[in-house]
Amino acid sequence: MIIPHSLLSPAVLQGVIEDFVLREGTDYGEHPAGAPTLESKVSQVRRQLEQGDVVVVFDQASESCDIVSKGSARYKAALIVETTQQEQE
């Protein structure tokens, strides 16, 4: 299910974005010069959400949220689920 990021409270959205960014890799301490910080990565993902390049999806089976690209298979699967649910209503 696609969740419009604008419907999430600022705190929840921040948590979803941070969770997504932190899953990219492990922070082993100090960043080498020029390496992106958590804050810069969060800002980048927030911009992508606002521009519509990525979306928040909720998976009912795992009861978890993720951020996916509109070109990804998970985005397309979420669209199919939403369309099917709307047709059944």
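Only this structure's heavy atoms are used, side chains among them; waters, hydrogens and symmetry mates stay out.
- Transitive grouping of hydrophobic side chains (ILVMFWY, heavy atoms separated by less than 4.5 Å) keeps Phe58 and Val68 in distinct clusters.
- Atom CD of Glu50 sits about 10.5 Å away from atom OG of Ser6, to the nearest 0.5 Å.
- When each of Leu13, Leu8, Val16 is checked for a side-chain contact (heavy atoms from CB on, under 4.5 Å) with Ile3, only Leu8 meets the rule.
- Under the 4.5 Å side-chain heavy-atom criterion for grouping Ile, Leu, Val, Met, Phe, Trp and Tyr, Val56 is connected to Val42 within one hydrophobic cluster.
- With sequence neighbours left out, Gln14 forms a side-chain hydrogen bond (donor to acceptor under 3.5 Å, both in side chains) with Glu18, Arg46.
- Summarising the local packing, CD of Glu63 is surrounded by 12 or fewer heavy atoms from other residues, nucleotides or ligands at distances under 6.0 Å.
- Heavy-atom minimum distance, His5 versus Leu49: CE1-O, 3.3 Å.
- In this structure, the separation between OG on Ser43 and CD1 on Ile17 is 8.5 Å, given to the nearest 0.5 Å.
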After noting the C-alpha distance and the side-chain angles of Asp66 and Asp59, does the key distance pass the side chain to side chain contact (heavy atoms under 4.5 Å, CB included) rule? CA-CA 8 Å; Asp66 201 2; Asp59 178 32; over 6 Å; no
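- No side-chain heavy atom of Ile67 sits under 4.5 Å from any side-chain heavy atom of Gln48.
- Taking all atoms of both residues into account, the shortest heavy-atom contact from Ala78 to Met1 is CB-N, 4.2 Å.
- Looking only at side-chain heavy atoms (C-beta outward), Tyr75 and Ile2 come within less than 4.5 Å of each other.
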